[in-house]
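For reference, the structure is listed below as structure tokens.
So you know, we letter chains A, B, ... as the sequences are listed, proteins then strands, and number each from 1. From a predicted model like this one, the values you see are computed outputs, not experimental measurements.
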Amino acid sequence: MFDSLSDKLGGIFDKLRGKGALTEDDVNAAAREIRVALLEADVALPVVKEFIEIVKSRAIGADVIKSVSPTQQVVKIVHDAMVEMLGGHDGEQELNLKAATPAAFLMVGLQGSGKTTSTAKISKFLTDKHKKKMLMASLDTQRPAAQEQLKVLGEQTGIDTLEIIKGQSPIEITKRAMNEARLGGYDIVMLDTAGRLSIDKELMAEVAEISKLANPTETLLVVDAMTGQDAVNVAREFDEKVGITGIMMTRIDGDARGGAAMSMRGITGKPIKLMGTGEQWDKIEPFHPDRIAGRILGMGDVVSLVEKAQESLQNEDAAAMAEKFKKGQFDFNDMLMQMRQMTKMGGAGALMKMLPGLGKMAKQIEEANLDDTILKRHEAIILSMTKAEREKPALLNASRKKRIAAGAGTTVQEINKICKQQQQMAAVMKKIKKMGMGGMMKQMKSLMGGKGEELELMAQSMDPDNLGRDMAALKGNDILGANPFDGAGAPSGLPGLGGGMPGLAGLGGGQMGGMPGMPTRGGTKKNRKPKVKKGKRK
Amino acid sequence: MVFWRKKKNEGMQDQERADDELLHHKTDPELSPLIEAENDLAPDNVMAKSMNAIEPRDLTDAHTTPVPDHTPVDDFKESEDLKDHTNEGGWFSRLSKGLSKSSNKLGQSITDVFTKRKLDQEALDELEEILIMADMGPKTAAKIVAAFSENRFDKEIEESEIKSVLASSMSDILKPVAIPLDINGKKPFVMLVCGVNGAGKTTTIGKLAHEYHMKQHKKVMIAAADTFRAAAVDQLEVWAKRAHVPLIKKDIGSDPAAVAFEALEKAKADDVDLLMIDTAGRLQNKANLMEELAKIIRVIKKQDDTAPHAIVLVLDSTTGQNAHSQVQNFKDVVNLTGLVVTKLDGSAKGGVVVSLAQEFGLPIHAVGVGEKIEDLSPFKAEEFAKALVGA
Ligand SMILES: Nc1nc2c(ncn2[C@@H]2O[C@H](COP(=O)(O)OP(=O)(O)OP(=O)(O)O)[C@@H](O)[C@H]2O)c(=O)[nH]1
Ligand SMILES: Nc1nc2c(ncn2[C@@H]2O[C@H](COP(=O)(O)OP(=O)(O)O)[C@@H](O)[C@H]2O)c(=O)[nH]1
Ligand SMILES: [Mg+2]
Ligand SMILES: [Mg+2]
């Protein structure tokens, strides 16, 4: 439904190539498109305006680099500015664990934003990763069974919860929690509050009072990634009335563009510290500015794509695939399996839409109605081969090809095309075996030529380390042996694609195949930081 | 069963505590009970109630929570509910109150923009921005402003006219979707409630149960098919008690489709008018969870292939443009019949409703305007539009 920013900018800048520097007029025209893109991503209007001024000042007069299209260049400026804005200063995103014990963490936010779940997630995280002794207390006397909810989560995670005493007020519970924390030798007590509207004076005063009592080292505003323009009001009000130290953004596992992150950061200047990426208590991650920036700009969240693929793939298939990848093989059986996986994932068009820079191509495919017919035709061809032919493509001589063509109701040319494609893929598999991820990225860029507008940018912003870390962070990625991307490469004869997209295949393959040199789980602190230089922002 | 007795005891204790609170002065227990408690027990209400009460014995099975016996306190509360609240300010004043902050802002900016100027492009741009800040989305905002500026561009225009014309153009879009839920014609009428996490599904079911059972005296039953989230069943159980309706439940972790199936069996056997099924929150991009929802429906259809008769998507008005994706994806998987929009008592303006109406035309059955049981109202296009622009 959404066009990516570069699709939008494409039209404006098409004529611009090789003109020297970006003029004010060019930039103004682009600014309008940037504005719409950000608004569609739910960035709040006041923040959009401020942000566009930053982008304008950077873009005007910037030299148009020969090898890069103006669109790419502007997208890069926007992306970098956004990562910078979202990321903030060094160390700012870390939870403050240095306070004297028992310290209090206060969780606040609107109804249903994910406070209780996040309370359990943070507690579990700090127990496991930082050896903290945690106590959780529910001050939610409003929502039915809210206290029981936290109690159950405590049982599931093995974290202590404050005993429920019915009839106590949130203030009384706070006092009891702080007391219990002192007596029980707890490091941190998590105070999970009831959801409240930022315009509810009474309840806002109540939480301010709780804050005074508990004197928390962290007050985290929990906000849903789907939040619209209201994010600014919520962030401003909670910051003014209670004083927040950071933001936790939940439901990143959804398909919302997540503009609220920018709104809240822009309005309060408070860092986004954590992301919730699922309903279970282990689905918590440090905030990744580059990932969110990519989403807001509609450049495709590669991590989401992998997740989608992960859901659709059957484990045995995937494991078998991984084996092949390791050996550097790719026969017709592999191709068949991939095409079927691709159909399961919603066809070529759906997949392409999720890939950075391929939005336009997805449209062309849809218009040409190519994807599914091609898939079906190719399936028919492969199914007309014998078992031996599928496993040993080299067997296919002229007479065999004729027989297959007759069987599949197609021409020998068509058979040749699919053979060529198989050969290309096989070649890529071999290369993947040899090359690291960085090499594949470069190859991909050269293969795509100027067609993939954002690939340049992508290659820079999602350098192998970052990408690897994101992917590695996905639970169970070891079963993801198969390559979700090369499905997109399967149909030959796509406009402008030649025989498939071996480069993209490489991208996925390198990741999923468990290439040597990829950082595993969590990555290091160094590669978690955005790559851009920090600039000044008001 | 021991389990039973314990539950019952707990319920009784809660009840006694509540009785005490209601009948005695908060700070001084020695003070006499409130007199209104007796005065307001209109015999008619009591009659209607006792005729409609569901026999607990019909539902004795470990999975069912019985309807508590009615106490004077229940009846007092009920008589409160049945009273005419129009003079105290109905849903509209509540909504206006909630929206007043935004309305003022909106009204204020329109005043700023237009009293001194002609309707020029700059003015229109600003108007468009105001609509965008109400979550209407850039496209819908542009469309509404374009319609508004037609025949008015470059002419002097009065502030009051701006508001009313703007409101009426939005209300034109919304009127066709302001359709209340009709549960007549099928028995039991089966309604499935779905939506993303934390949208307000469970609360809305509680409110609807209250509406249909306590106010319209229908025989209502609810089913706890959210077997995933911690304490989700307990949460719904509280609502069931508040609305005095029976609840069908199974253990946490059991198959939600099985809950739905058994609930429908029970609802048929008990001659229930309305069965409402609460489901776990699910994000629309999760194929496996969406499939789970489809399965619930398939299983329901095994008993009654016209059911579910309503599949309602609950939408949080705080949501921005992702609401489109929610409606689209739920619609793709299940045959959505309508929407309920919640949390309109907040500062979020719910403007996305306007663009949803344009794009999907799904009926908006009701709006949630608070956390209390009576905080649910029919969706009224004109008033909503007016409240939105502050006219
Ligand atoms: N202010 C306000 N709060 C509401 C409204 N409707 C629901 N809520 C609150 O929103 C929160 C979530 O509501 P639930 O009914 O539990 O939502 P749900 O969709 O069942 O949530 P899950 O089952 O956890 O996905 C609760 O704190 C409710 O009290 C409303 O109209 N206004
Ligand atoms: N998919 C997803 N669901 C979440 C996430 N965080 C919370 N939830 C769900 O959102 C709903 C409301 O969460 P809860 O913690 O009760 O919110 P609270 O009312 O703010 O305390 C529940 O259904 C949770 O399971 C998340 O990161 N992703
Ligand atoms: Mg909670
Ligand atoms: Mg619920």
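Taking all atoms of both residues into account, the shortest heavy-atom contact from A:Glu40 to B:Pro138 is CG-CG, 3.5 Å. Of all non-hydrogen atoms in A:Met226 and B:Gln326, the two that sit nearest each other are SD-NE2, 3.1 Å. Closest non-hydrogen pair, B:Asp234 versus A:Ala145, comes out as CB-CB, 3.6 Å. Scanning both residues, A:Ile199 and B:Asp345, for their nearest heavy atoms gives CD1-O, 3.3 Å.
Both the backbone and the side chain of A:Ala256 come within contact range of chain B, each with at least one heavy atom under 4.5 Å from a heavy atom of that chain. Of the atoms belonging to A:Lys115, not a single heavy atom falls under 4.5 Å from chain B. For A:Ser198, the part lying near chain B is the side chain, with the backbone staying farther off; criterion is any non-hydrogen pair under 4.5 Å. Contacts between A:Leu110 and chain B at a heavy-atom distance below 4.5 Å involve the side chain alone, from C-beta outward. With a 4.5 angstrom heavy-atom cutoff, B:Gln235 touches chain A via backbone and side-chain atoms both. Of the two parts of B:Val233, neither the backbone nor the side chain holds a non-hydrogen atom closer than 4.5 Å to a non-hydrogen atom of chain A.
Here B:Gln321 contributes atom CD and A:Gln229 contributes atom CD; the two are 8.0 Å apart, rounded to the nearest 0.5 Å. The structure places CD of A:Gln111 at 6.0 Å from NZ of B:Lys343, a figure rounded to the nearest 0.5 Å. Here A:Asp224 contributes atom CG and B:Thr318 contributes atom OG1; the two are 8.0 Å apart, rounded to the nearest 0.5 Å. With rounding to the nearest 0.5 Å, the separation of CG in A:Leu39 from CE in B:Met136 is 13.5 Å.
By the neighbour-count criterion of 12 heavy atoms within 6.0 Å, atom CD of B:Gln121 is densely surrounded, having more than that number from other residues, nucleotides or ligands.
Most heavy-atom pairs under 4.5 Å with chain A: of the set B:Gln284, B:Gln328, B:Arg229, B:Arg242, this distinction falls to B:Arg229. Contact count versus chain A (heavy atoms, under 4.5 Å) is highest, among B:Leu283, B:Thr319, B:Asp135, B:Val238, for B:Asp135. In terms of non-hydrogen atom pairs under 4.5 Å with chain A, the most contact-rich of B:Gly198, B:Ala232, B:Ala199 is B:Gly198. In terms of heavy-atom pairs under 4.5 Å with chain B, the best-connected choice from A:Glu148, A:Lys151, A:Glu155, A:Arg35 is A:Arg35.
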B:Thr203/A:Arg143 under side-chain contact (heavy atoms from CB on, under 4.5 Å): CA gap, chis, key distance, verdict: CA-CA 9 Å; B:Thr203 310; A:Arg143 174 172 168 176; over 6 Å; no

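By the side chain to side chain donor-acceptor pair (under 3.5 Å) test, A:Glu279 is found to be paired with B:Asn197, residues two or more places apart in sequence or in another chain being considered. Contacts of A:Asp230 classified as salt bridge (charged side-chain N to carboxylate O under 4.0 Å, His left out), with partners at least two apart in sequence or in another chain: none.
Proximity of a side-chain donor or acceptor of A:Asn233 to a complementary backbone N or O of B:Ala348 within less than 3.5 Å is not detected.
Looking at heavy atoms from C-beta onward, B:Ser347 lies out of side-chain contact with A:Glu237 at the 4.5 angstrom threshold. A 4.5 Å side-chain heavy-atom check between A:Arg251 and B:Asn322 finds every atom pair outside the cut-off. Considering only heavy atoms from C-beta on, A:Pro144 stays 4.5 Å or farther from B:Glu237 through its side chain.
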